[in-house]
Amino acid sequence: MSTDFDVIVVGGGHNGLTAAAWLAKAGRKVLVLERRDKLGGAASTEELIPGFRFNTGAPDAGLLLPRIIQELDLHKHGLDFVDSPVAAFAPQPDGSAVTLWRDAERSAFEIATFSASDARAFLAFQKQNERFAEVIASLAQLRPFAISNNSIRLMTAWARFALGVRRLGRRDMMEFLRVLPLSAYHYLNEHFESDALKGLLASFSTTGLMQGPRASGTAFMFLYQQMGGANGGYRSSLVPRGGVGQLSSALAHAAQGFGAQVRTGAPVQSILVASGSVHGVRLSTGEEISAKSVLSSVDPRTTFLGLLGAPQLEPRISCRLRSLKLRGSTATVHLALNGVPDFPAATDPQLLTGTIVICPSLDYAERAFDDAKHGRVSTHPVLEARIPSLLDPGYAPAGKHTMSMIVRYAPYRLREGDWESRRERLADLAVETLAQHAPGFLSLILDRKVITPLDYEREYGLAEGGELHGQMGLDQMLLMRPVPGFIGYHSPIAGLYICGAGAHPGGGVTGAPGLNAARQANAELR
Amino acid sequence: MADRYDAIVIGGGHNGLVNAAYLARAGLRVLLLEQRHILGGATVSEEIYPGFKFSVFSYVVSLLRPEIIRDLQLSRHGLTILPLESTLTPLPNGDHIYRGPDPHETFRNISRFSTRDAEAYREYGHAMYQMAKAVKYILGIRPPDPTSFHPREWLALLKLGRHFLGLGEENLYTLVKLMTMSSADFLEEWFETDPLIATLSASGIIGTFLGPRSPGSAYVLLHHYMGEIDGVFRAWGFQKGGTGGVAEAIASSARELGVELRTNARVAKLLSRNGRATGVVLENGDELHATTVISSLDPKLTFLKLADPSDLPDDLVNAVRNFDTYGSSGKVNLALDAAPDLACLPGDGAHLRGAISISPSVDYIETAYDDAKYGKFSRRPYIDAIIPSMIDPDMAPPGKHVMSCFVQYAPYKLAEGDWESQREAFGDAVVDSLSQYIPNLKKIILHRQVLSPWDMEQQIGLTGGNIFQGELSLSQLFFLRPAPGYAQYRTPIRGYYQCGSATHPGGGITGAPGRLAALEILKDLRK
Amino acid sequence: MPIPTPLHSRTSTLCQTHEWRDWSGYLSAATYQPSHETEYFAVRNAAGLLDVSPLYKYEVSGPDAARLVNRVVTRDLAKCQVGQVMYSPWCDQDGKVIDDGTVARLAADHFRLTAADPSLRWLQDVGYGMQAEVRDVTTQLAALALQGPNSLAILRRLFPDPRLSTLRYYHLLQTEFNGQPLTVTRTGYTGDLGFELWIANDYAPALWDALMAAGYGYGLIPVGLAALDMLRVEGGLLLIEVDYTSSLHARIPQQKSSPFEIGLGWAVSLDKHDFIGRQALLKEKKGGSPRAFVGLEIDWLDLERLYGAANLPPMVAGRASRIPVPLYASGKHVGQATSMVFSPLLKRYVALATLRADCAQPGTELEIEVTVEYVRRRAAARVARLPFLDLPRKKAVSRG
């Protein structure tokens, strides 16, 4: 049977594009179909306010696997990173601040000003985390194994990985196993005494999770966020020059350079299946395009219950997809600013070039989560704000700036009211919270654009606004990801693969699911 | 010399007693030392008020290992576990969910809320049976050391792997979910009726500092399903005469096997020479000698108080300091002038002979947890109440009753004030919460005993007042319990062992840590 | 505690023996009179009336109703026209039987299913994403079974509807009783001519009375579960949790059965589009099933010989036995008899059995375990064709 393409990739986010580029490079005839008019999905840079550009969803691409940059030659296609010596700056309620630098020694030096014992602990802690994060990074590039019938090649890869873990040494290995299921709350409390430092570090331990730092498994997320290395103790957070969207364009260029076709404004309505095998897709225009394989970078629930349809699946599988925990918990407030906000605690304007974090203690983060747990927007939200225009002038007109603020928590399901009525309230809470540390901040705001979890669902196709395509708790990892019964990047439908964040290793701008799925699909292409 | 023993067991809780009995059974001369005037630790019955007997702390039995019942002939020594077969969840709107021993009746009762749930309930019980079967194996083995290169450990790991693969794919998935999910999430995959989810999820939080929505609480759900009474899975029971009867039975068996049981004997320090245990010294200064010393106390006491931390490696001392023993549960024991009368089911009935669970919604328990997270006792707590005198009339004078209320949450440390000053306020919160469903309660209370985790620490020496001697979280289970590298009951001091609930497989009246530790000790002695 | 059925006001006054059984949580008469054989013979020679309300009943309706039901059952629903009833098992994704029951097609997009076990969850889960509604009508709809050679005549007295006489086996008729909708299906669990009547709870007692009145002079008596058990074994009809275990309740995989293994291979339409378990069943069809469901006849003379050696006449239960008994071929265990009865009509001692496939040919000589005066013996038995009793009247249609 002749088909139009070897592979159709549904969704032009960074994972879909990574998969497409890799498969095209491998000589496959590839078509990428993106619903929106532009590529990038939640990793894009858009002019949300006239004259001002914003990193719409993901604020950076610090977790991107280096091998993707190399193998796809992304530097040649325009990818380059802007760096700041500052990782994070966390103003405190008492007017002081904690700064984490890319240089951990410098951070320790700073920490020593408020806690000598924390400063001592910090360097050792940081080194241990780097070792652990490295293990997780190598895990991210492995295909999960099945319970039985694994290929020898896969088992060898896992054996190599196990050996790597053992090479950590007896003590580290035990500690690694102990820390994985730990909560960030316990992990940080075991090492530090200062609320400010613990709060700052805890701020990224719940990235994308509908969980507070007390939740078991958040220590894993804490380590996962450090996978990119060279982060000085904060999460890996390098931004591509020109914005996060630049990564998507570089990937798209690379894919097209290898011969892939990329169509935007082409929403897939359904994935076509005959006798248990995929054979193409139908667009909402009614156009049918055939392919030997389909890789979906759309979240698993939408892919299988929406595009494919539950009646194509065994009931137990569709039940699991229904109970897949997506649980969007994050909103973003994008601000056009008339100038640089003035943080009295920022003794040096350079301090604002990293991430500005409002999370003064573990309890602060936990209380913010409590609100969300009961279906409310956090009254005192955890904020991660960036002013990318400080280092990269392309974001805003001269003299003006853009700020993107990740606001947590913003539960997808509100117990009272709806997102239409709560949207502005959330933005008010966020800017007012920040303004407490930056007097005059409110008067700098020229305009704002709020993206709620509901918007992420409607505009960007993230079901329930879940940026991770499935919460990365310990129960939705490895062979449990996205749901039990999907082994690796396979789905129960032959020729249909998941290549988005819903697959192992999960969310974040890593490119790992795209890369891994592409390799698997390529090996199995008929 | 009269003061010389083969083995000295510190602490006369059920694990210490089991350990001592097994050692004596192997022919050792064993002395057991208990600081209180009474044996049992948290497994005691006391007549707090004349005529009213209470299972002061631990109040239900379901986990006692059948091999221990057989080996120590506990039935002959007085172990009599009466069935506790129903759970009633009264609801604020005057309705209730009653689950009893008749599956069809339970089906109809749940059907009033959701037929899907009624159907799922049977399958859920079935799945949990499979899980209990899967985990039962782990309860009976010493945790292997995954970092060791010793062939014995590899073999043990291999056997463990084979056991799990043998469960089949679907069971393994369920097991992974149980190990990692929150109890509410796990249950929501089965059920849609909130009060049913709440009541079932409550057994996932008992004794832990977790809420029903905290990941990791599903495992505790299983822990509470693993009970066997004479081979019957997942049956809760009540020891005739109160929980102390369990300890008394083990003590009687130990005594018969030749164990010397000494009460009012508080150990001050472990004696050791050249990295070898040689005995203990009591608080009164008496020195007692033995080549083997076993502590059934929690690791903070075992390693930081009894032993000299400077004799121990840093990683162990650190791990023990970080070992989470933060207590979360309280207990309110009530002596009642008459039988409680429930608003939802007035008068006498089978429901009074089972558990009454104040768990009207997941949010209710979760909110109770929120209070505790920031150092307050729950203003509206989760309560698991039973009326032992309904099942065993000897517990109270004729016509009168005792009611045992297990309460969550009561954090070990209060943010404001201390337990000495807050205790009765906590008791009031419990009685108020119960009164909403039991209107006659306040009128019939004759006496009230309120116990916080702090009281448990004071009275029976549980550090932090954690009823499991340490949180049952993934980071503190199996080969990580109580500390990585020290999960095989041995300590860095030769001849010094641990056998309490803080060792594998953990808390609850299982006796398993005591037995497994004894088996390891005997292995060492045979060398 | 079992609770009364909607017909309890009638059955309880008739149940002289007070011998009740718990059927799905309902009080069901095991026998009404001291002799269950009287009840048995009423069905074979005249007519019997049974209260079968405890059956689980579901209604599926909506544009995708046929698609849903067809995805559940193993038979091809395309062959079930409006007005027809179909018996079928249904399976899980591994092709193991969950339950068996009947599907009545009330309209093109409206079905009524009966099941032995609660099935709402399964039906809804299979139908997730389809435009169909599944309703549990178990507690709203009563069911009466009128069975036996006189059943048609009795019904005709009550309902002058001419369609009754020509109602074919496994077809249904929608009519009214006291102004209430009543469904009559020509179905049953006795292997005889018979009907089942489905009506809303509140009107069931009146219907019972009317049937009993119409049956006066036709030998109609109420019949309990003890007689039913004998009738269904003669008819070769299997019973869940006795002759096979639902895959939802099996404790170990070996306890599960495919339709091929419980004699329902004929009800598996592998060539219809897709249904749950199809892939696994295709594979099993190709590779063969390890077990088979058969009839078994125990050699009476051999039984007499065994008991005779103990100076006893053969001690066989007058009622059907549901205790599984091991079967042997050349000394090796090859299966078990799961339901056993001495057929009063055939005067044969017969059983339903599950056997290793290679021993399942009719005529194969086996041995069955018999306990004679506390000692285990083995009696000769032979694989027989099912059903033991095949009555032409069961399916016959009168011409007028």
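Convention: sequence-line order gives letters A, B, ...; per-chain numbering from 1.
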Counting only heavy atoms from other residues, nucleotides and ligands, does the tally under 6.0 Å from NE2 of C/His273 exceed 12?
no

Part of A/Leu313 lying under 4.5 Å from any heavy atom of chain C
backbone

Does atom NZ of C/Lys272 have more than 12 heavy-atom neighbours, drawn from other residues, nucleotides or ligands, at distances under 6.0 Å?
yes

dist C/Ile276:CD1 -> A/Arg316:CZ (nearest 0.5 Å) comes out at 10.0 Å

Which atoms of C/Asp125 approach chain A - backbone, side chain, both or neither, heavy atom under 4.5 Å:
both

What do you reckon, is CD of A/Glu416 surrounded by more than 12 foreign heavy atoms closer than 6.0 Å?
no

Closest-packed option against chain A by number of heavy-atom pairs under 4.5 Å, given C/Arg71, C/Arg67, C/Gln93, C/Met130:
C/Gln93

CD1 (C/Ile252) with more than 12 external heavy atoms under 6.0 Å
yes

Shortest non-hydrogen contact between C/Gly129 and A/Ala310, atoms and distance
CA-CB, 4.5 Å

One should read off an interatomic distance between A/Cys319 SG and C/Arg121 CZ, to the nearest 0.5 angstrom, of 7.0 Å

Is the count of non-hydrogen atoms from other residues, nucleotides or ligands lying under 6.0 Å from C/Gln131 atom CD greater than 12?
no

